[in-house]
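Read the numbers this way: they start at 1 and go in the same order the structure lists the ligands and their atoms.
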Amino acid sequence: RQKVGGLIVLFGATGDLASRKLYPALYRLYKRQLLTQHFAVIGTARRQWDDDHYRQVVSQAISDLVDDQDLCDRFVSHFHYVPHDATDLDHYQVLKNKMDGLRQDYETGPSTLYYLSTAPAIFPSITQYLKEANIVNNQGEHRVILEKPFGSDAQTAKSLNDALSQTFNEEDIYRIDHYLGKELVQNILAVRYFNPFIEAIWNHHYIDNIQITLAEDMPIGSRGGYYDHSGAIRDMVQNHILQVMSLVGMTLPEHRSPHSIHEAKIDFLKSIPSYTPEQVSDNIVRGQYHSKKAGIPSYLEEDEVAMNSTTESYVAGRIMIPNERWQGVPFYFRTGKALANKYTTVQIVLKPRHYKEENLLLRDRDKPRLSFNIQPEEGVQLYLNEKRAGQDLLPQLNALVGDWSRESNYAEDPYEKLIYNTLLGDPTYFTTWDELAEQWRIVDAIIAGWEKMALKELPQYPIMSQGPKEADDLLAKDKHQWIDY
Ligand code: BG6
């Protein structure tokens with residue numbers, strides 16, 4: 001693979017995300033020699049650190065990955081720290097001088113990556129000042145990478161995007177959805193591309209229903225301040241679930257260029273209707289976790305959660321796509337906190353033969369299906385009906401298990417992959433503005449519907465369960481059942 005280098009300016013360098021994800025991701029790339037010696041990182045944040053302290057922090061963040069101390073020392077020597085008030089224009093001059101110096105010292109070439117890992121509220125000031133200080137200009141390659149959340153509804157997302165667009169071109173804005181960096185999410189595309197027989201059955205003639213589950217066992221913990229304003233719909237559906245759904249539901253473009261993949265996803269997202277409040281009521285279920293055990297908090301007892309909060313910690317839904325390919329095929333999705341297990345799967349449930357002779361109404365888990373196991377187990381399984389041993393022609397479901405394994409493949413972390421792609425200038429696994437605008441349109445309609453509903457429609461579900469009973473009822477109306485872990 002092509003080697004990459006460049007100058008990285010990291011806003012929010014003292015933060016948790018930088019230590020947990022970004023430094024390890026860069027080190028992994030360095031270890032694999034995908035990151036050349038021609039790179040430098042400027043970490044910035046308000047704290048008055050110096051280079052030595054910063055390098056200690058970076059060393060600490062990657063300590064689990066280090067088996068060669070010299071290599072580690074060489075790696076951290078590329079890190080420099082500039083204390084910086086991101087909302088003060090004067091500070092950008094200091095930053096600019098530092099950047100010019102490091103570009104020469106490390107011969108980083110034309111590419112500069114601005115990584116915004118700060119509170120989203122200051123994204124607009126940062127990008128505005130980058131332009132005003134003539135740091136981002138028409139010379140060289142300037143890309144910006146942003147963490148979520150990107151707005152809290154269509155309108156705030158648009159204002160943010162308008163602000164960014166003053167400084168960066170759309171093709172230089174890399175909006176992270178870390179689910180797109182997951183191997184097995186990318187594998188959905190690979191399986192569709194490389195197996196024509198799969199594409200041949202990828203329609204309502206053969207597919208019965210689709211179930212996307214992003215279940216989490218952890219409660220919201222210390223994130224109440226953020227989560228209570230977000231809820232499962234903004235935290236997980238607006239981004240991860242709709243992105244995964246569009247990889248499943250889009251029409252596969254002839255060419256695998258980033259542009260054509262984005263266009264295909266946009267077309268798919270556009271075909272998802274904006275639900276009316278009545279449709280929200282019929283098709284979307286939400287819930288809040290509830291604990292009966294002393295010492296284990298219910299959602300409402302978590303820190304920084306409003307008293308009587310109606311924020312959902314669980315959401316499930318049904319989406320029907322009114323196009324020729326998907327007519328009559330429900331796309332079900334669900335996600336929630338404090339559930340029984342943490343797992344992510346996409347189940348493509350295939351139509352069974354009607355076993356009229358046995359008068360058998362098959363449950364979904366007994367139907368043939370293609371299962372994408374995204375985490376924690378990774379792999380693709382095809383469940384086929386075969387003959388039962390020692391019996392006449394009666395079906396029995398057997399799984400053909402693909403031997404996708406992290407042992408034989410390099411275990412690339414989502415951030416490692418996404419940062420590499422950004423340095424390379426490959427936007428395939430990032431969210432474009434047009435996709436994001438559609439995602440907010442869909443989610444805003446659901447939230448507007450909820451706002452019209454009475455509180456009684458926010459069911460509780462026990463901690464460590466599969467979610468509220470209402471989510472089972474949603475599928476039962478269509479004579480379907482969730483396929484659990
Ligand atoms: C994040 C959400 O985007 O994704 C978190 O903000 C969630 O609430 C996380 O826990 C899940 O990611 P993963 O990779 O652990 O499935």
Query raised in the report: What is the closest protein heavy atom to atom 4 (O) of ligand 1, and at what distance does it sit?
Result: His178 CE1, 3.4 Å
Query raised in the report: Is there a donor in the side chain of Arg334 and an acceptor in the side chain of Thr213, or the other way round, less than 3.5 Å apart?
Result: yes
Query raised in the report: Counting heavy atoms only, which of His240, Lys182, Arg234, Glu216 comes nearest to atom 3 (O) of ligand 1?
Result: His240
Query raised in the report: Do Met236 and Val315 come close enough that some side-chain heavy atom pair is under 4.5 Å?
Result: no
Query - Test item, Tyr179 contacting ligand 1 (heavy atom, 4.0 angstrom) - result: yes
Query raised in the report: Which is closest to atom 2 (C) of ligand 1 in terms of heavy atoms, Asp177, Ile176, Asp235?
Result: Asp235
Query raised in the report: Between the side chains of Tyr461 and His290, is a donor N or O closer than 3.5 angstrom to an acceptor N or O?
Result: no
Query raised in the report: Is there at least one pair of N or O atoms, one from Arg223 and one from ligand 1, spaced under 3.5 Å apart?
Result: yes
Query raised in the report: Does a donor on one side chain sit under 3.5 Å from an acceptor on the other, for Asp478 and Asn209?
Result: no
Report summary line: among protein heavy atoms, the one nearest atom 13 (P) of ligand 1 is Lys342 NZ, 3.3 Å
Report task. Could you tell me which atoms of ligand 1, counted from 1 in the order shown, lie closer than 4.0 angstrom to a heavy atom of Lys337? Result -> 5 (C), 7 (C), 8 (O), 10 (O)
Query raised in the report: In terms of heavy-atom contacts, does NZ of Lys131 have more than 12 from other residues, nucleotides or ligands at under 6.0 Å?
Result: no
Query raised in the report: Are any of the heavy atoms in Met218 under 4.0 Å away from ligand 1?
Result: no
Query raised in the report: With a cut-off of 6.0 Å (strictly less than), are more than 12 heavy atoms of other residues, nucleotides or ligands near CG of Asp473?
Result: yes
Report summary line: Counting from 1 in the order shown, the ligand 1 atoms closer than 4.0 Å to a non-hydrogen atom of Lys148 are 1 (C), 2 (C), 3 (O), 6 (O)
Query raised in the report: Does any N or O atom in Thr344 lie less than 3.5 angstrom from one in ligand 1, N or O only?
Result: no
Query raised in the report: Between Thr431 and Asp177, is any side-chain donor less than 3.5 angstrom from a side-chain acceptor?
Result: no
